[in-house]
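Data block below; observations after.
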Amino acid sequence: MAKPLIAGNWKMHGTAAEAVALSRQLVENEQSFCVQMAIFPPTLHLGLVASELSGSSIALGAQNMSEYRSGAFTGEVSADMLKEAGCGYILVGHSERRTLFGEVDSTVADKFKAAQNSGLVPILCVGETLQQRQQGLTLEVVAEQINVVKEKVGIESLCHGVIAYEPVWAIGSGEVASPEQAQLVHGAIRELLGSSGIDTSLLYGGSVKASNAVELFAQRDIDGGLVGGASLEADEFLKIAQLMT
Ligand code: PGA
């Protein structure tokens, strides 16, 4: 059985004080959910949030990292540094990294590998654009994004990570994929992973809210959510986690 996971991607939002307040609200109100919760604050706030989470069961993750271990890479942060800051998870290949910062599949694969080498669990984000969907290319695009990582790290390592299917057209748009659309892609991903992927957590992301989470989470191959906007409100995020249990 894949482990249920609800991940909150805060993106580039919030002051240090707001990050502390939000994590505190989550810790104070967390219940014994049978779901793993993880939050992904802006890099600069990781240390502060790590202190707030200490002793709680909420895990910490980062939104981006370098594919390199150390060296002259101005502005970058390594997997070891994130691990030292208290992170257990890392997002790799988020569509905003791919489209706004030019991350290509091979870089995403390098990051996935570097993350695992440092003991972080990578959450590989994949998904098609609206145009690709309209052209009927959804499954092909998603398979290619996953296969590049599989070729780099091997099927076993790939399956020890987490995969988040996030249709690009659903991210931040308020337009969520239907449960059927999401399950179709999740089922295809599970099939692609074969017997090694039975326990791999497959998350859905893209405009997840408490009001649409129940139907999504009821799908056979959806093991949790990667939540953006709705993770910035403690009550809403906790409600989504509760719906996964
Ligand atoms: P959203 O973002 O929930 O705001 O659509 C999801 C994501 O970018 O991971």
Side-chain angles (χ1 to χ4, degrees), residues 4-14 18-19 22 26 35-43 45-46 49 58-65 87-103 108 111-112 115 120-130 132-133 138 141-142 145-146 149 161-179 181-182 185-186 189 201-217 219 222-244:
L5 172 66
I6 299 293
N9 175 10
W10 294 2
K11 309 196 181 183
M12 198 172 73
H13 290 293
E18 285 164 345
L22 180 51
L26 293 173
V35 56
Q36 174 68 61
M37 285 206 298
I39 52 177
F40 296 71
T43 312
H45 302 333
L46 284 171
V49 173
I58 302 173
L60 185 65
Q63 300 171 19
N64 184 36
M65 56 168 260
C87 290
Y89 291 92
I90 175 77
L91 300 181
V92 295
H94 189 280
S95 82
E96 284 150 20
R97 300 293 322 164
R98 293 177 191 262
T99 56
L100 302 173
F101 300 97
E103 264 185 36
V108 173
K111 290 187 180 195
F112 190 101
L120 295 174
V121 177
I123 300 181
L124 171 64
C125 305
V126 298
E128 82 289 0
T129 62
L130 183 59
Q132 288 165 334
R133 171 162 286 268
T138 300
V141 167
V142 167
Q145 289 170 334
I146 293 174
V149 178
V162 173
I163 297 178
Y165 167 56
E166 298 200 296
V168 178
W169 47 271
I171 296 177
S173 64
E175 197 187 332
V176 66
S178 71
Q181 282 174 324
V185 180
H186 279 245
I189 296 174
S201 298
L202 304 184
L203 314 184
Y204 168 80
S207 297
V208 174
K209 298 183 193 67
S211 57
N212 58 32
V214 179
E215 281 188 303
L216 287 163
F217 296 165
Q219 302 304 307
I222 299 185
D223 309 308
L226 177 51
V227 186
S231 70
L232 294 170
E233 303 257 342
D235 287 352
E236 181 77 3
F237 190 57
L238 287 161
K239 214 184 284 175
I240 294 170
Q242 210 163 8
L243 294 171
M244 189 66 223

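This one's a predicted model, so the numbers in the text were calculated from it and none came from an experiment. Both counts, for ligands and for their atoms, begin at 1 and track the order of listing.
- A tilted orientation is assigned to the rings of His186 and Tyr204, their planes being inclined by 30° to 60°.
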Tabulate distances under 3.5 Å between N/O atoms of ligand 1 and N/O atoms of the protein, writing both atom names on each line.
unit_1	atom_1	unit_2	atom_2	d
ligand 1	2 (O)	Lys11	NZ	3.4
ligand 1	3 (O)	Ser207	N	3.4
ligand 1	3 (O)	Gly228	N	2.8
ligand 1	4 (O)	Gly229	N	2.9
ligand 1	5 (O)	Gly172	N	2.6
ligand 1	5 (O)	Ser207	N	2.8
ligand 1	8 (O)	Lys11	NZ	2.7
ligand 1	8 (O)	His94	NE2	2.7
ligand 1	9 (O)	His94	NE2	3.2
ligand 1	9 (O)	Glu166	OE1	3.4
ligand 1	9 (O)	Glu166	OE2	2.6

N/O donor-acceptor pairs under 3.5 Å from side chains in residues 4-13, not counting sequence neighbours:
unit_1	atom_1	unit_2	atom_2	d
Asn9	OD1	Lys11	N	3.0
Lys11	NZ	Glu96	OE2	2.8

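- Atom CD of Gln145 sits about 10.0 Å away from atom OH of Tyr165, to the nearest 0.5 Å.
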Open item on the list: Applying side-chain contact (heavy atoms from CB on, under 4.5 Å) to Leu226 and Leu91, what does each step give before you reach the verdict?
Closed with: CA-CA 10 Å; Leu226 177 51; Leu91 300 181; 4.1 Å; yes

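- Other residues, nucleotides and ligands contribute only 12 or fewer heavy atoms inside 6.0 Å of the CD atom of Glu233.
- Residue-environment remark: CD (Gln181) exceeds the threshold of 12 foreign heavy atoms within 6.0 Å.
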